[in-house]
2 protein chains.
Amino acid sequence: MEQLEIFKALANTTRLNILLWLKDPQGSFPGQEKYGFEHGVCVGQIQQKAGLTQSTVSEYLAVLQRAGLVKATRVGQWTYYQRNEEAFAALSQLIQQEL
Amino acid sequence: MEQLEIFKALANTTRLNILLWLKDPQGSFPGQEKYGFEHGVCVGQIQQKAGLTQSTVSEYLAVLQRAGLVKATRVGQWTYYQRNEEAFAALSQLIQQEL
DNA sequence: TCGGGATATCGGTTATTTCCGATATCCCAA
DNA sequence: TTGGGATATCGGAAATAACCGATATCCCGA
């Protein structure tokens, strides 16, 4: 969890939005109903909401994952993404203590 | 204090370092002794430590200031910069509550 | 085992960021 | 009032990021 990498990941409107949407999956992704929410939300749903191409959203999710801000779970042909709340808590701590 | 602007400001190694250095001005800027520390550290000291040109460092400090992370005080021909601790506290809060 | 759906990766174009040198401004002291 | 020191701003070259379309991979069901 490299701190520069985290801030770079957060320095983009779409990626920030994705993180906010994932905070309330049920509210933000009604289309996800049929897949369930237990592992998060799958890429297609996020792509649709972001209004960007599949490749871009996939890359953005990879950036967020490399920063440790989200976790991915592969189930069959779907990859579900969810927030990694520990990372946010750690970041909050880091800012008020070390930064 | 726009949150995207803050993360962009933090997404650069030199700017992160400047913030860390300003956390301990006495320890980080022995050359500042003769000017005193009450208003912060002046640009020349920061530039010297960063090892970048004067224009670049000046611009970086402006970025940090626009993000609200540092405060500037002009005294004579010097501009002193210091951290805005309220901004860090607010950012820490924002991350654990809204983000 | 083949076809199609979901996601990842690759290569490219354009926008943005990084960092520089040159120059402008602003302030003090002589 | 002018010269020089400190900082800010401007214009540009190079590196990086933001996206895209095309293609590859991976998985499932027929």
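Hydrogens, waters and symmetry mates are skipped; everything else that's a heavy atom, side chains included, is used.
In this structure, B:E59 atom CD and D:dT7 atom P are separated by 16 Å, rounded to whole Å. Rounding to whole angstrom units, NZ of residue A:K8 and P of D:dA18 are separated by 10 Å. Computed from coordinates, the A:H39 NE2 to C:dA6 C1' distance equals 17 Å when rounded to whole Å. One atom, CG of B:N12, and another, C1' of D:dT16, lie 12 Å apart when rounded to the nearest Å. The nearest whole Å value for the distance from the CG atom in A:L61 to the P atom in C:dT9 is 12 Å. Remark: C1' of C:dG21 and CD of B:Q47 are 13 Å apart, rounded to the nearest angstrom. Atoms CZ (B:F7) and P (D:dA17) sit 18 Å apart, rounded to a whole Å. Regarding A:R74, its CZ atom lies at a distance of 13 Å from the P atom of D:dT25, rounded to whole Å.
For B:L52, the listed nucleotide lying nearest its side chain is C:dC19; candidates were C:dC19, D:dC19, D:dG5. With distances taken from any side-chain atom of A:Q77 to the nucleotides C:dT9, C:dG5, C:dC20, the minimum falls on C:dG5. Comparing C:dA8, D:dC20, D:dT9 by their nearest atom to the side chain of A:Y81 picks out C:dA8. Residue A:S58 has its side chain nearest to C:dA8 when only C:dC20, C:dA8, D:dT9 are considered. Taking every side-chain heavy atom of B:V43 into account, D:dT7 is the closest of C:dA6, C:dT9, D:dT7.
Distances shorter than 4.0 Å separate none of the side-chain N or O atoms of A:Y80 from OP1 or OP2 on C:dT7. For A:R15 and D:dA18, the shortest distance from a side-chain N or O to OP1 or OP2 is below 4.0 Å.
One distance of note links CG of B:N17 with CH2 of B:W21; it measures 5.0 Å at 0.5 Å rounding. Between atom CD of residue B:E85 and atom CG of residue B:L22 there is a gap of 9.5 Å, rounded to the nearest 0.5 Å. Here CZ of B:R83 is found 11.0 Å from NZ of B:K71. Values are rounded to the nearest 0.5 Å.
A donor-acceptor contact under 3.5 angstrom links the side-chain atoms of B:Q54 to the base of D:dA8. Under 3.5 Å, the side chain of B:T53 and the base of C:dG21 form no donor-acceptor pair of N or O atoms.
Summary of the strand contacts: A:S55 and A:V75 both lie near DNA chain D, and taking for each the nucleotide with the nearest heavy atom, the more 5' one is attributed to A:S55.
Taking every heavy atom of both residues into account, B:L4 and A:A11 meet most closely at CD1-C, 3.6 Å.
B:T79 comes within 4.0 angstrom of the backbone, heavy atoms only, and of no base.
A:Y81 pairs in a side-chain contact (heavy atoms from CB on, under 4.5 Å) with only one of the listed residues (A:L61, A:V57, A:L64, A:V41), which is A:L61.
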